[in-house]
Amino acid sequence: MIFSPLSKKAVPSQSPLPFSRQVLTFLGIIAIISQNDCIVYDQKYGSVWHLMQIFVATEIRPHCSQHQRYGGTNSRRIEGPTTIKLKVFNLASSHYRLRFHSSSLPNVSIMPTQTILVTGGAGYIGSHTVLQLLLGGFKAVVVDNLDNSSEAAICRVKKLAGEFADNLSFHKLDIRDRDALDKIFSSTKFDAVIHFAGLKAVGESVQKPLLYYNNNLIGTTVLLEIMAAHGCKKLVFSSSATVYGWPKEVPCTEEFPLSAANPYGRTKLIIEEICRDIYRAGSEWKIILLRYFNPVGAHPSGYIGEDPRGIPNNLMPFVQQVAVGRRPELTVYGNDYKTSDGTGVRDYIHVIDLADGHIAALRKLDDPKIGCEVYNLGTGKGTSVLEMVKAFEQASGKKIPLVLAGRRPGDAEIVYASTGKAERELNWKAKYGVDEMCRDQWNWANKNPYGYGGPEDSSQ
């Protein structure tokens, strides 16, 4: 059977979802399937197809092959009672040809909706992950003290989520507030927790170590105690590549020796050890520690992105502020490293890829063999500071003035990830390259030069 699009709608919330459904996400396309009908939604281009008399989809192919936005053929197998193979040749095309087997859909299991607590879910990585959760069929409850984030991000996530917005709720609280957090757990049964909440500025952590130990360690301890008290023992923890310290070789594998060069890194390392200890004490815990490298980019809509308060601590937020005129120049620390252009090399990863990595980890928690596991999330490729700046200049059409300065103490020369374990065990791999990262970063900056501070946000 061959189906063509029956409708195209710019806003996904207009699509009806009146049925128990299974949600399959692949390369920006969402297929929401029930036994009677199906909606296929292209996240990037806003196209919606509502298909009746559904059979098991095996292939999606456009009528034409121009405008290869994603470059070539991509396929992914989704394992279940029935294997569904999906091939996307050209997501930019407005017409797709859908082919179906004659086997009926009841062989495909309909998964119950899971409810996930997301701490720090109003932040940069958290907000993008919450959006992917909603589009993936999950319910999300966000708790955040808004110390370095904005409630406007939650409002915008709801708008992007469309029909799924009702599956998101937000509570302003600090996870160190035991009574307030316990009240949230008493009112909602959570299937798992994704833990982002924590302070993360390396320089500030050196100046204010007690603040970081209090916030990050005590907050996590309170969270874990309340999770245990309410029988919720599935956790995805937002760790960091900082736990590798100064690696003597690259790429960094999960088996590398661990060390920390600053109080921020030590809090991540200590929390990892706490997680390993509670698993050893109780094997019913299922914990995944995600060590990721350098998140950049923004949602392709330009509607949510990174909005740090004060002087940015990371390269790309600083670059984007120079591009929009908020800062006069970018200071590059160190141009005498043993790299191709003398500047430090890092593994930059698109925030959407990173968010999808959290969803993959969340699904992995259902594996009965999982205990306390660690995975790197990166691209497995190193990019220098100057290469990143050049890519941003090409994406934005803006010249970024540079000032070269000496090395900063503690900065490593080359750091990038080995991602083989995540690819094998999580069935996850970064899809986006540096050009897409810079394109989306500039789209966000250009539309929101002062972050979440526009008239739309002040009226919410």
Tyr375 and Glu425: side-chain donor and acceptor closer than 3.5 Å? yes
When every non-hydrogen atom of Arg156 is compared with those of Gly451, the smallest separation belongs to NH2-O, 4.5 Å
Closest approach of Tyr452 and Gly305, non-hydrogen atoms and distance? OH-N, 3.2 Å
In terms of side-chain geometry, is the basic nitrogen of Arg291 or Glu272 positioned less than 4.0 Å from the acidic oxygen of its partner? yes
Ion pair check, Asp367 and Lys369, cut-off under 4.0 Å: no
Quick check: do Val142 and Leu168 have side-chain heavy atoms less than 4.5 Å from each other? yes
Of Asn145, Asp144, Leu181, the residue whose pairing with Leu173 passes side-chain contact (heavy atoms from CB on, under 4.5 Å): Leu181
Measure the spacing between CG of Leu377 and NZ of Lys429 and express it to the nearest 0.5 Å. 14.0 Å
Where is the tightest heavy-atom contact between Gly120 and Ala197, given as atom of each residue plus distance? N-CB, 3.7 Å
As a quick check of understanding, evaluate side-chain contact (heavy atoms from CB on, under 4.5 Å) for Glu225 and Asp182, giving each step before the final call. CA-CA 10 Å; Glu225 287 174 347; Asp182 185 73; over 6 Å; no
Lys268 (side chain) donor-acceptor with Ser238 (main chain) under 3.5 angstrom: yes
For Arg363 and Asn427: C-alpha separation, side-chain torsions, deciding distance, then whether side-chain hydrogen bond (donor to acceptor under 3.5 Å, both in side chains) applies. CA-CA 10 Å; Arg363 299 190 188 281; Asn427 193 28; over 6 Å; no
Strictly under 6.0 Å, is that where the ring centroids of Phe185 and Phe190 end up? yes
Heavy-atom closest contact (Cys252 atom, Phe293 atom, distance): CB-CZ, 4.2 Å
I need the minimum non-hydrogen distance between Tyr416 and Gly380, along with the two atoms involved. CD1-O, 3.6 Å
If you apply the rule side-chain contact (heavy atoms from CB on, under 4.5 Å), what do you find for Thr242 with Tyr264, and how did you get there? CA-CA 8 Å; Thr242 58; Tyr264 161 69; 3.8 Å; yes
What closest approach, in Å, do Met437 and Tyr348 show between heavy atoms, and which atom pair accounts for it? CE-O, 3.1 Å
Do Glu436 and Lys431 meet the salt-bridge criterion of a basic N to acidic O distance under 4.0 Å? no
Determine, stepwise, if the pair His358 / Val130 fulfils side-chain contact (heavy atoms from CB on, under 4.5 Å). CA-CA 10 Å; His358 285 78; Val130 168; over 6 Å; no
Step by step, would you call His195 with Val236 a side-chain contact (heavy atoms from CB on, under 4.5 Å)? CA-CA 6 Å; His195 180 30; Val236 176; over 6 Å; no
Do we see a donor-acceptor contact under 3.5 Å between the side chains of Asp347 and Thr379? yes
With a 3.5 Å cut-off and no angle check, do the side chains of Asn314 and Tyr124 form a donor-acceptor pair? no
Evaluate side-chain hydrogen bond (donor to acceptor under 3.5 Å, both in side chains) for His350 paired with Asp440, printing each intermediate quantity in order. CA-CA 9 Å; His350 198 296; Asp440 293 340; 2.8 Å; yes
Taking NZ, NE, NH1 and NH2 as the nitrogens, is one of them in Glu254 or Lys421 under 4.0 Å from a carboxylate oxygen of the other? no
Could Asp166 and Lys158 be called an ion pair, given the rule that one side-chain N must be under 4.0 Å from one carboxylate O? no
